[in-house]
Amino acid sequence: MNNLSVNPTKTTPQISFNADSGVLEVSGQSYPESAVEFYQPIMDWLNQFFSNSTKQVELNFKLNYFNTSSSKCILNILRLFEKAHAEGKPVKVNWYHHEADEQMQETGEEFAEHLTMPFKVISFK
Amino acid sequence: MSAMKRVQARLNLDGKTVMKTNKKQKQSEEYEKIFKHELDVATHAAKMLEDNTLKKDEWKSEYEALLKEYKALLRQAMKMTKIGDGTQQKLLKTQEELALANEKLERQAVTDALTGLYNRRYLDAKLADAFETAKRDHQPLAVSINDIDFFKKINDRFSHQTGDDVLRIVAKLLRESVRNGTTVARYGGEEFVMVFPNTDLHTAVAECEKVRKAIESYDWKTVHLDLAVTISMGVCADLSHANSEKFLSAADEKLYEAKHNGRNQVRF
């Protein structure tokens, strides 16, 4: 599987996946005109990855703002990870938020609720 | 952009015809793609409803699967609502902070940093406006321009720090000595301008005299044992001048007179 790298824009986050380390990172802000257009290729890529690999995947979110459509896409991505987790694949998700950003912390905790896979909310300075 | 929107007929979830513009249709399709999984579930359920061959236990498992999906969707909807509300709160907070920052910037743009008085930029606009208004409404208006006596000597003999202290204290005395509604500005170096709206020459001179005395009698020894500060003031209330610049120049001529007549006095 190849590395995945999408450069950030004003309205879309940076996406990077290191195939060697198995770390997928989504960072920045997300309010694309078309959330599907932006997230679908990542979903497709993840689907393909999970069907081909049993490697551990770590998903790191470092977002500071996203719109509602993006939140639905994030939920879709999380569902993919839950499915992989249910199939016994080693996955974990980390939700990073700036320590002063209470809203992003609460958002991470909200996402974490009801999930069965490992999901950590981590603050940074 | 053209106001023409092609209206299209399309089918909604229940198979009913709805009319939508191209843009709105595109938006709808966008959300249908995001909710593709959920729409697929609904489509499947509708198909099952029409299937008369299903046995009871098949119905049951269909219903269970649907309930599971429904619960998952409900959970998602609640999460998204909560997260959306949180984001809106954050944006509102940002908006408030931005408004406060803007207010501060606007204030800074018209304020002299050292004394906290209005700056020259504000004064020029304010005086021009007051001059026009007074002329139009046939109301009196007075202006005074004031200069600390021997300020350069204060700076040289004591220090620039002392000079700054003097400017700050004079600014405070100016502000506190005059009536509400008087605009007090630092015009430049050690020069201050006051605009007295609705005030005739006699009253403005009395106001200036109050200020002059306040400065003269201030206990300057608290700043430096050998320090004494006075101010010279020129007043004009003659609205026959062509514009506010000439109006202020006339006051400046009176200030010149005050300086040459021994300082520490109000001339008009």
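Chain letters run A, B, ... following the sequence lines, proteins first and then strands; every chain starts at 1.
Taking Asn67(A), Leu75(A), Asn76(A) one by one and counting their heavy-atom pairs under 4.5 Å with chain B, the maximum is reached by Leu75(A). The candidate from Gln27(B), Gln76(B), Lys33(B) with the greatest count of non-hydrogen atom pairs under 4.5 Å with chain A is Gln76(B). Ranked by non-hydrogen atom pairs under 4.5 Å with chain B, the options Glu106(A), His114(A), Glu113(A) are led by His114(A). Counting heavy-atom pairs under 4.5 Å between each of Arg75(B), Lys79(B), Lys36(B) and chain A puts Lys79(B) at the top.
Using a 4.5 Å cut-off between heavy atoms, Glu102(A) makes no contact with chain B at all. Heavy atoms of Asp101(A) lying under 4.5 Å from chain B belong exclusively to its side chain. Within the 4.5 angstrom heavy-atom criterion, no atom of Tyr39(A) approaches chain B.
Inspection of the Ser159(B) and Thr162(B) side chains reveals an N or O donor paired with an N or O acceptor under 3.5 Å. Between the side chains of Asp40(B) and Thr43(B), not a single donor N or O lies within less than 3.5 Å of an accepting N or O.
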Show your working on side-chain contact (heavy atoms from CB on, under 4.5 Å) between Leu78(A) and Phe61(A) and close with a plain yes or no. CA-CA 11 Å; Leu78(A) 289 178; Phe61(A) 285 107; 4.1 Å; yes

Tell me, with the steps shown, if Tyr31(A) and Tyr65(A) meet ring pair (Phe, Tyr, Trp, His ring centres under 6.0 Å). CA-CA 8 Å; Tyr31(A) 47 102; Tyr65(A) 176 74; 5.6 Å; yes

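Annotation: the span from Leu54(B) atom CG to Met48(B) atom CE amounts to 6.0 Å, rounded to 0.5 Å. Summarising the geometry, atom CG belonging to Leu117(B) is positioned 14.5 Å from atom OH belonging to Tyr187(B); distances are rounded to the nearest 0.5 Å.
Contacts with chain A (heavy atom to heavy atom, under 4.5 Å) involve these residues of residues 82-112 of chain B, listed by number: Lys82(B), Ile83(B), Gly86(B), Thr87(B), Lys90(B), Leu91(B).
For residues 77-95 of chain A, every residue pair satisfying the side-chain hydrogen bond (donor to acceptor under 3.5 Å, both in side chains) rule, not counting sequence neighbours, is listed here: Glu58(A)-Asn94(A), Asn60(A)-Asn94(A), Glu82(A)-Thr116(A), Glu87(A)-Lys89(A).
Ring orientation note: the planes of Phe124(A) and Tyr96(A) are tilted relative to one another, at an angle of 30° to 60°.
Electrostatic pairing of Arg168(B) and Asp164(B) does not count as a salt bridge here, judged by no charged N lying under 4.0 Å from a carboxylate O.
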